[in-house]
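Notes follow once the structure below has been shown.
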Amino acid sequence: MRNTFILIVLLSMFYVSCKSPGSTSGDANIDRRVDSVMALMSLDDKIGQLNLLTSDWDVTGPTFRKDYEDLIRQGKIGAIFNAHTAAYTRKLQKMAMEESKLKIPLLFGYDVIHGYKTIFPGIAAIEAAASGLHWTFAPMVDIARDPRWGRVMEGSGEDAYLGSLIGAARVRGFQGKDLTDPLTILACAKHYAAYGAAQAGRDYHTVDMSELVLREVYLPPFKAALDAGVATYMTSFNELFGIPASASQFLLRDVLKKEWNFSGFVVTDYTSINEMVEHGYAVDHKHGAELALNAGVDMDMQGTAYLRFLKELVDEKKVTVAQIDDAVRRILKLKFQLGLFDDPYRYSDEEREKQLIYAPEHLDAARDIARKSFVLLKNNNQTLPFGANVKNVALIGPLGDTQHHILGTWRAAGDNAKAVSLLMALQQEPGFKVVFEKGCDIEGTDKSGFAKAIAAARAADIIVLAIGETAEMSGEAACRTNISIPGVQSELLAELKKLGKPIVLVLMNGRPITIEKEVDMADAVLETWFAGTQAGYAIADVLTGRYNPSGKLPITFPRNVGQIPIFYNMKNTGRPISESKYTSKYLDVSNTPLFPFGFGLSYTTFAYSNLALSDSLLHSNDSIVVSVKLANTGNFDGEEVVQLYVRDLVGNVTRPVKELKGYKKVFLKKGEEQTISFTIKASDLAFYHSDLTFKPENGDFMVFVGGNSVDVINASFKLQ
Ligand code: BGC
């Protein structure tokens with residue numbers, strides 16, 4: 001009782017305006033306040049803060065404890081996930097604030113990955129924060145080079161440079177400039193590390209690679225998230241170097257906490273500590289808890305191994321109180337930074353929730369960002385955008401009128417009922433009439449709908465065929481060995497093709513898919529992924545030409561599964577592909593990807609010329625300027641993503657055939673031209689040498705500029 005009184009007095013003095021976790025302003029104050037709270041905590045209270053449990057509101061994995069409300073009252077949980085809405089988070093927070101001994105506010109986490117209610121790529125933090133959430137399990141910054149893996153759709157593709165920029169931007173988007181701002185939430189860089197390199201693209205599978213590849217390809221986005229001030233990290237499910245990530249002293253203590261000096265906290269992925277038993281690394285959960293705490297895991301997600309065993313492990317001297325204190329300090333610090341000790345209910349505001357969820361400006365942003373994410377893969381004879389001659393459109397296909405699949409997976413609290421299907425959007429277009437026939441399901445062999453679909457198409461000027469994957473075919477635990485378009489959808493396309501009408505393929509899928517024959521049959525192909533709440537409007541904007549597509553692929557599309565892994569920044573090998581027999585190639589398939597990294601068309605065309613370097617010699621500590629003339633040579637105003645790649649011709653370790661080093665999105669009116677320039681510094685050319693030092697190496701380089709990773713013009717320079 002006395003302790004409680006002291007705590008309340010202390011808490012009331014604790015208010016501090018603090019900046020993002022990366023900043024030191026306010027840190028000293030917060031440290032003092034954290035110490036004062038910790039002085040009141042028993043070992044049990046401290047261990048309590050290290051547990052994160054799911055509520056039964058929503059579930060994202062196996063649950064075996066239903067007693068989370070009792071545990072909140074007992075001060076045995078520090079954070080809850082899968083609980084949301086202002087009202088429900090307020091209810092649980094009240095339990096902690098009014099019924100637990102120390103009244104330490106709970107932290108509410110959730111997988112706000114593609115948005116909270118308004119589902120699209122952005123605005124997520126504002127809506128999540130308005131619904132009582134403090135913490136998102138995003139960004140997922142796993143580099144993914146295997147499209148069989150269902151989780152490629154959560155990240156930003158195959159390239160470490162692009163993945164680093166996107167990861168950092170997402171951290172800034174979630175956390176804003178100031179965590180005390182109630183419209184920001186904590187971000188979580190996941191899954192640390194190398195989860196995307198699961199063998200054979202099978203989720204949770206073993207990862208094995210050299211430290212060189214780990215540092216060059218898989219760690220940079222995690223480091224970029226750190227540099228952007230990310231508050232938390234989540235460990236991955238996989239093992240690396242034979243050790244499950246949640247037990248990896250190398251990853252957590254050596255790299256993250258020592259080398260990178262990370263000051264936030266590390267949470268495990270869902271029951272990862274317990275799973276060390278199945279991995280064959282821990283004898284039981286207790287052993288797992290020991291390994292995890294010693295490795296540097298601060299918070300146990302859903303496994304309750306810390307809750308059940310840390311005290312015993314302290315008594316047995318297998319772990320130390322100092323380690324527990326360090327973990328508690330990291331967690332409390334962020335609770336302070338969020339302002340929760342000042343007002344534990346500041347995020348659980350029903351009025352704000354009503355105002356902000358599905359706010360019109362969020363829907364506008366969703367529509368705009370969705371259409372910017374589309375990639376035009378083919379457009380023969382300017383099939384798109386629809387011309388004035390298009391008066392009757394036949395929309396065919398199982399994804400033509402879906403409000404479910406277009407939200408994709410990791411849709412948080414998104415409502416299907418609020419989503420706009422392509423049919424709903426096209427019906428609102430004034431210039432033409434639209435008829436819809438589903439034709440078939442996404443999966444299965446039933447062709448009984450073909451006849452009606454063909455009849456509808458026969459009467460139309462143009463056929464829009466919306467086909468692809470179900471939402472559930474990608475995401476967690478959703479890997480495929482056959483990544484072609486499922487069911488009889490391609491057969492439907494083949495039947496429609498016989499009508500001799502222009503066919504626009506609108507693809508919806510969560511990964512690169514093998515679509516060589518479908519692309520051949522179609523006149524135009526628009527990749528729309530799973531574009532979210534405003535998907536229908538966004539697709540209609542592109543089909544009608546209100547928006548000229550400019551998206552580029554962040555990941556290579558293979559021709560078939562046998563080519564996997566195939567990615568743009570491969571090594572050359574000692575026998576690069578050529579006509580001669582003994583070179584590195586397949587006999588039974590073209591040796592190029594179907595669509596390379598960086599590829600994407602526009603309704604207009606762009607020409608690149610006059611590639612010039614300010615100097616052919618680059619001195620260390622200096623830079624050179626690469627310039628290129630870009631001309632809009634087509635009939636539409638449009639945007640182009642100008643891409644800059646380099647190749648280091650000879651290295652201390654061999655270098656990839658191309659590496660993305662920069663890009664610029666440029667808008668040009670038709671007929672306009674502009675000189676675009678990039679600066680290359682010697683430090684941009686640094687790479688990991690065989691002794692793991694990171695530095696540039698003198699020698700010859702090629703520089704490439706173009707609208708994708710293959711169609712480029714080039715020049716050379718020397719670093720000396
Ligand atoms: C996933 C994580 C997710 C967590 C909580 C796990 O199964 O791998 O990405 O954040 O569940 O839902």
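Nothing fancy with the numbering, it's 1 onward along the sequence. Start at 1 and go down the list; that is how both ligands and their atoms are numbered.
Using 4.0 Å as the threshold, H191 has a heavy atom nearer than that to some atom of ligand 1. Residue contacts with ligand 1 leave out Q302, since none of its heavy atoms falls under 4.0 Å from the ligand.
Counting heavy atoms closer than 4.0 Å to ligand 1, residue M140 contributes nothing at all. Of all the heavy atoms of R151, the ones lying under 4.0 Å from any atom of ligand 1 belong exclusively to the side chain.
Residue, atom and distance of the protein heavy atom nearest to atom 1 (C) of ligand 1 are E476 OE1, 3.2 Å. The protein heavy-atom contact nearest to atom 2 (C) of ligand 1 is D269 OD1, 3.3 Å.
We find the OG1-NE2 distance between T470 and H404 to be 7.0 Å, quoted to the nearest 0.5 Å.
Checked against a 3.5 angstrom limit, the closest N/O atoms of Y195 and ligand 1 fall outside it. In terms of polar-atom proximity, N82 is not counted as a contact of ligand 1, lacking any N or O under 3.5 Å from an N or O of the ligand. Any N or O atom pair closer than 3.5 Å counts here, and D111 shares at least one such pair with ligand 1. Note: an N/O pair closer than 3.5 Å links K190 and ligand 1 by distance alone.
At least one cation-pi condition fails for K91 and W57: the charged atom is not both under 6.0 angstrom from the six-membered ring centre and inside a 45 degree cone around its axis. The side-chain tip of K418 points at the ring of Y358 from less than 6.0 angstrom away and within 45° of straight on.
Of all the atoms in ligand 1, the ones that sit under 4.0 Å from a non-hydrogen atom of F237 are 6 (C), 7 (O), 8 (O). Ligand-side atoms of ligand 1 in range of F81: 5 (C), 12 (O), range being under 4.0 angstrom from any heavy atom.
Side-chain contact check for T268 and S246: no donor-acceptor pair (N or O, by modelled atom type) lies under 3.5 Å. For the residue pair T85 / E353, no side-chain donor-acceptor distance below 3.5 Å is found, with atom types taken as modelled. H134 and Y347 share no side-chain donor-acceptor pair at under 3.5 Å.
Listed for the K117 side chain is a donor-acceptor partner under 3.5 Å among the backbone atoms of A413.
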Q | side-chain contact (heavy atoms from CB on, under 4.5 Å) between W149 and Y195, intermediate numbers included | A | CA-CA 10 Å; W149 191 46; Y195 182 43; 3.5 Å; yes
